[in-house]
Structure formats: structure tokens, C-alpha cells
Number of protein chains: 2
Amino acid sequence: MEYTVQKLGRLAGISARTIRYYDEIGILKPARISSSGYRIYGQKEVDLLQQILFYRELGVDLDSIKKIVTAPSFDGAKALREHHIKLLAKREQLDILIKNVEKTIALTEGRIEMTDSEKFEGFKQKLIEENEAKYGKEIKEKYGDDVIDKSNAYLNNMSKEDFDRMNSLSEQVLETLAEAVKTGDPSGPLGQKAADLHKQWISLCWGHYNKEAHANLAQMYVDDERFTAYYDKVQPGAAVFLRDAVKIYTSK
Amino acid sequence: MEYTVQKLGRLAGISARTIRYYDEIGILKPARISSSGYRIYGQKEVDLLQQILFYRELGVDLDSIKKIVTAPSFDGAKALREHHIKLLAKREQLDILIKNVEKTIALTEGRIEMTDSEKFEGFKQKLIEENEAKYGKEIKEKYGDDVIDKSNAYLNNMSKEDFDRMNSLSEQVLETLAEAVKTGDPSGPLGQKAADLHKQWISLCWGHYNKEAHANLAQMYVDDERFTAYYDKVQPGAAVFLRDAVKIYTSK
DNA sequence: TATTGACATTGACGTAACGTAAAGGTGTAA
DNA sequence: TTACACCTTTACGTTACGTCAATGTCAATA
């Protein structure tokens with residue numbers, strides 16, 4: 001898949017200006033320049049951008065990021081493991097901040113007392129490092145599954161952003177489906193991924209989910225020509241493929 | 001307890017310069033100035049600074065923070081409860097990012113496949129969150145919770161046929177709207193048809209209908225840029241056109 | 001008492017990571 | 001061929017401070 005600046009921006013949730021800026025400072029250069037001067041980005045650049053955004057999320061400045069990712073010794077897989085540890089630490093700090101606000105609410109209700117210092121717990125970076133030193137690998141074992149479960153739970157109780165999320169999910173369904181159809185295997189990982197995304201979309205639309213209704217809906221996509229057209233426009237045969245993928249998905 | 005700039009900074013984990021800057025922009029003024037010109041902060045200022053840092057943590061810019069905390073209607077306790085909700089949402093987003101990095105690690109190990117879009121899950125969400133921080137509150141204040149909650153309650157109990165009809169209706173709304181906008185006349189037959197289709201769509205989504213809520217929702221389409229973008233992508237100015245058409249439709 | 005060193009003050013300029021606007025070329029669908 | 005949404009470069013604007021610089025203050029110590 002190839003991307004222009006705006007497409008890549010939409011994919012990653014950043015502006016086209018940001019992508020041009022990243023080119024300007026030499027942190028993310030396009031794979032090639034089209035005959036008309038357009039920046040074209042490919043798979044390698046998508047993956048690098050993901051790395052960059054992980055670092056950015058963790059508060060690393062772009063100059064440092066540049067040095068890190070352009071270093072010949074840069075090890076992407078190792079970096080990801082470090083991101084993981086840092087993100088877990090960030091979560092710990094966020095938990096402290098959440099406790100802080102809960103305590104402060106209790107304070108306003110006169111239920112407890114608090115020192116001034118306590119009122120700023122979770123803001124200080126220092127605490128992050130302490131936590132990181134204290135725990136480390138244990139955190140992963142402790143939170144590993146829990147984290148994944150929570151991420152899934154997220155989809156069920158987001159409320160105000162449903163409209164937006166629905167749009168983005170349906171886009172994802174189409175995107176995944178487009179790639180999945182090429183594999184020709186509805187039971188494969190991509191096919192099942194598409195079915196899973198589709199399930200998530202349904203859950204959001206209906207507020208609940210059950211397998212039978214899901215399978216029925218997928219069948220309808222094949223029976224109703226309007227829906228068939230909707231899905232087939234991304235790839236011929238996509239509606240049938242999705243129905244088959246969902247049939248497998250819901251039967252296991 | 002009284003604090004000078006540096007002491008307060010150490011307490012809160014920020015620099016003395018930051019505290020002076022907050023004085024400069026009028027966001028946190030000292031309780032008094034000592035005989036030698038030193039800024040002296042007291043209990044009230046400590047609590048206000050805590051509030052400011054909560055907002056800052058949630059990505060609110062200082063200018064907005066100033067407007068919020070200096071507003072005569074500012075309710076500290078209520079603000080804390082909002083902080084709590086937003087921080088929990090932030091944690092959910094962080095969990096998505098953590099899940100993302102875990103999945104990406106699995107990808108490098110060849111255990112799973114991932115779409116490009118998946119590689120940016122948890123980053124994008126942040127944009128939505130920021131958007132919501134910016135606009136969500138205003139929208140709620142202006143239109144009340146029920147407008148959003150109702151559009152969210154969306155389809156708890158919808159049959160397959162309803163779902164089918166809903167999808168085709170929303171398509172028809174967009175289609176009709178696209179042509180209606182070209183006429184330039186919201187009160188014309190096409191404009192009114194779009195409004196009527198929109199009414200049917202709402203009736204289906206909400207399970208009921210009333211004119212006031214309809215007009216409010218249409219107004220929201222103009223005020224909230226996410227909705228505006230959704231309608232304007234079919235035709236620039238479509239959101240405004242639809243609002244006008246609905247205004248006329250609901251007033252007769 | 002004089003000195004030291006860590007604090008405070010007000011400018012004022014620097015900077016990171018973009019946003020935004022201007023002026024123009026490109027791709028494609030109607 | 002006209003519209004329109006995309007692309008380009010250039011360039012100045014903005015936010016939230018960091019970082020001197022020049023100067024005054026406070027508390028402890030030699």
C-alpha cells in the first residue's frame with residue numbers, strides 16, 4: 001500500500017503538515033517522489049512512523065527520536081519492548097494521578113485530609129522512574145491479560161464518540177477486508193480479523209452482540225444487492241468472503 | 001504554609017519559570033507580594049495550581065484553562081469529577097496503545113498479522129479525546145446530555161430489518177442532500193425531502209421523534225466539526241444546508 | 001561584620017513542533 | 001473543460017515555556 005501525505009496522516013491520526021515537517025527534519029523521508037513531485041510512502045515508512053509516534057507519545061523530542069531511529073544499531077523489535085515497559089510505567093503514573101483526584105474529591109467532601117505534597121502525586125516525573133525501578137518485568141506478568149481485557153471492554157462503554165468510532169471502524173472493516181480477500185482464505189488470520197472488526201462495529205451499533213444475529217447480517221450482505229454492492233466495491237467477492245469469514249468466526 | 005516560586009515549583013514538580021509565567025498570563029497570581037518583591041503563595045493558590053495541572057495533563061491549553069478557572073461559575077468539586085472521568089478515559093486509551101505495542105511485537109515475531117490501520121490504534125484515539133476535550137463539554141452545555149446520550153442509545157433493540165432500513169435511509173439522506181445543496185434552497189422540495197428523510201432516520205435511531213430535538217441535532221451538526229466534516233464531505237456546506245432545511249421543516 | 005551561596009526580581013531573546021496562509025501545480029471525475 | 005480535492009514550497013505565527021543577563025535579598029557561617 002502506498003500513501004500520499006494526507007492519506008498517511010489520516011491513517012496515523014496526524015496532519016499532513018506534520019508529515020512534511022518530519023521529512024524536512026529528516027526523521028521520516030518518503031520512499032520515493034512521484035513524477036509530479038508528490039511524496040509517496042510505503043510499508044517501511046508506515047512502520048517507522050509507528051515507531052516515531054511511540055517515542056513521541058513517551059515524551060521524547062524529535063531530535064532525539066531522529067538520532068535513535070537513524071542509528072545503524074537501531075533495533076526495532078527491541079525498541080518495541082522498551083515502549084511496552086515505558087507505557088506500562090506511564091499507566092502506573094496515571095493510576096497514581098487517578099487516585100490523587102479521587103482522594104482530592106474525598107477531601108472536598110471532608111472525608112479525609114491531605115498534605116500539599118499529596119495533592120501533586122502523579123504529576124511528578126520522578127515517581128514514574130521510581131515505579132519503573134521498583135517493578136519492571138513483573139508488571140507485564142501482572143497486567144498482561146488484564147490490559148488486553150480492558151482494551152476490549154473499552155469498545156463496549158465508550159459513549160460520546162460512538163459516531164466517530166463507528167465511522168472509523170467501518171473504514172477498518174473495509175480496509176482489512178480488502179487485504180483479506182486477496183488471501184482467499186476466510187478462515188485465515190486476516191479474514192478472521194475482518195470478522196472481528198465487523199463484530200466490534202455491530203456491537204457499537206447495536207449496543208450488544210450475539211453470534212446468530214451476526215451471522216444473519218452477514219448472510220444478508222450477500223442476499224441484499226445494495227449491501228453486496230457496498231462491500232464488493234472494495235474488492236469483487238468481498239461480501240461473500242465476509243459472510244464466510246463471519247460464519248467461521250461465529251461458529252467457533 | 002507559604003511558598004515562594006521555587007518551593008511551590010518543587011512541591012508541584014514544575015519550574016519556577018513556569019510559575020512566573022502563570023503569574024504573567026494571569027492564570028495563577030500570588031496571594032501577596034513580600035516587602036522585597038517576592039511572590040508568596042498560600043493554600044488557595046496550591047489548590048488552584050493542582051486544578052491547573054489536572055487540566056494541563058488532560059491537554060487543555062493555558063488560555064482555555066484561564067477562562068475556565070477564572071470564570072465566576074467555576075466549581076472546583078465539579079471540575080474534579082470531570083477530571084476523574086477524563087483520566088479514566090485516558091487510561092483506556094493508554095490500554096489500547098499498550099495492546100497495540102503488544103500486537104506489534106507479536107507481528108515482528110510472525111505470530112500474527114496486522115493492518116496498517118491497526119498499527120496506529122491508540123494514537124488516533126488521542127486525537128478524538130483531544131477533540132472531545134475541546135468540544136464535547138461545550139456541546140453538552142449547549143444541548144444537554146440527552147441529545148448525545150439519545151443518539152448514543154442508538155439501537156439497543158433493533159431488528160435486522162430496522163438495521164437494514166436505517167442503513168439505506170442514511171444513504172438516502174446523503175444522496176438527497178447532495179442534490180439538494182446544489183439547488184441552494186433549503187426550503188425547496190429537495191431540501192425538505194432531505195429533512196424528512198433525516199426525520200425518518202432519527203425516528204428509527206431514537207425510537208421516537210420530536211421537533212425540538214431534531215432541530216437541536218441539526219444545529220449540532222454545524223457546531224461540532226466532526227459532524228460537519230461527515231456531512232460536508234458529500235458537499236461543502238451540506239451541514240449548514242441541512243440545519244437550515246431542518247429548521248424550516250420543524251417550524252411548520 | 002563581611003562574605004558566600006542559594007534564592008528572588010524583571011527583561012528579553014531562544015526554541016520545539018507544528019498551524020496557517022499564500023501562490024501555484026496535479027489528478028480525475030463529471 | 002471545469003471543478004475540486006489533492007499536492008508543492010515558502011514563510012511567518014503560536015504556545016509554553018527554557019535560558020541567559022543584570023541585579024537585589026536572605027540566612028548561615030567564618
Side-chain angles (χ1 to χ4, degrees), chain A residues 2-41 49 52-53 55-67 123 125 233, chain B residues 2-41 49 52-53 55-67 123 126-127 130-131 133-134 175 178-179 181-182 184 225 228-238:
Chain A
E2 295 202 317
Y3 300 93
T4 56
V5 281
Q6 197 152 102
K7 280 182 189 164
L8 184 58
R10 267 199 300 261
L11 176 71
I14 59 182
S15 73
R17 172 66 171 101
T18 298
I19 294 179
R20 282 194 210 98
Y21 181 65
Y22 286 0
D23 180 15
E24 187 186 331
I25 63 172
I27 203 174
L28 180 71
K29 274 170 260 181
R32 62 184 182 85
I33 304 289
S34 81
S35 59
S36 47
Y38 290 16
R39 292 172 180 82
I40 309 292
Y41 298 85
L49 179 56
I52 290 168
L53 291 186
Y55 280 112
R56 194 181 72 162
E57 181 71 23
L58 292 164
V60 182
D61 64 289
L62 296 181
D63 200 51
S64 304
I65 294 177
K66 183 182 176 181
K67 282 172 192 157
F123 288 120
Q125 199 68 24
K233 84 182 169 199
Chain B
E2 295 202 319
Y3 300 92
T4 56
V5 281
Q6 196 150 101
K7 280 181 189 166
L8 183 59
R10 268 200 299 261
L11 176 71
I14 59 180
S15 74
R17 169 75 234 253
T18 298
I19 294 180
R20 282 194 209 98
Y21 181 65
Y22 287 0
D23 180 14
E24 187 186 331
I25 64 172
I27 203 175
L28 179 71
K29 275 171 257 182
R32 62 184 182 86
I33 304 289
S34 80
S35 60
S36 47
Y38 288 19
R39 293 172 180 81
I40 308 293
Y41 298 85
L49 179 57
I52 291 168
L53 292 187
Y55 281 112
R56 194 181 71 164
E57 182 72 22
L58 292 165
V60 181
D61 65 291
L62 296 182
D63 201 50
S64 304
I65 295 177
K66 184 182 175 180
K67 281 172 190 155
F123 292 121
K126 196 189 168 196
L127 280 187
E130 277 168 9
N131 236 299
K134 251 198 218 154
E175 254 170 54
E179 295 198 23
V181 169
K182 290 178 198 157
E225 65 179 18
T228 310
Y230 177 74
Y231 284 99
D232 278 9
K233 87 180 169 199
V234 70
Q235 276 272 316

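Each chain gets a letter, A, B and so on, in the order its sequence line appears, and its residues count up from 1. When reading the values below, keep in mind they use all heavy atoms of this one structure, side chains included, and skip hydrogens, waters and symmetry mates.
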Nearest-nucleotide pick for B/Gln6, side chain only, options being C/dA8, C/dC18, C/dT9: C/dA8

Nucleotide nearest B/Thr4 (side chain, heavy atoms from C-beta), chosen from C/dC18, C/dA8, C/dT9: C/dA8

5′-ward residue of the pair B/Ser35/B/Asp63 relative to DNA chain D: B/Asp63

Nearest-nucleotide 5' precedence on DNA chain D, B/Ile25 against A/Asp23: A/Asp23

Under-4.0 Å side-chain N/O to phosphate OP1/OP2 contact, A/Tyr22 with C/dA17: no

Any A/Thr18 side-chain N or O less than 4.0 Å from OP1/OP2 of C/dG19: yes

Shortest non-hydrogen separation from B/Ser64 to B/Asp61 and the atoms involved: OG-OD1, 2.7 Å

Heavy-atom closest contact (A/Ile27 atom, A/Ile65 atom, distance): CD1-CG2, 3.7 Å

Most 5' of B/Arg17 and A/Ala16 on DNA chain C, judged by nearest nucleotide: B/Arg17

Sugar-phosphate only, base, or nothing, as touched by A/Ser34 at under 4.0 Å among non-hydrogen atoms: nothing

Sugar-phosphate only, base, or nothing, as touched by B/Arg39 at under 4.0 Å among non-hydrogen atoms: sugar-phosphate

hbond_proxy A/Tyr38 side chain to C/dG27 base (donor-acceptor, 3.5 Å cutoff): no

B/Thr4, B/Leu28, B/Leu49 screened by side-chain contact (heavy atoms from CB on, under 4.5 Å) with B/Tyr41, the one that passes: B/Leu28

Distance in angstrom units between A/Ile27 CD1 and C/dA16 C1', rounded: 12 Å

For chain B, the stretch of DNA chain D it reaches, first to last nucleotide, under 4.0 Å of its heavy atoms: D/dA5 to D/dC26

Counterpart residues, ring-ring contact (aromatic ring centres under 6.0 Å, His included), relative to A/Tyr22 (two or more places apart): none

Between CZ on residue B/Arg32 and CD on residue B/Glu2, distance to nearest 0.5 Å: 4.5 Å

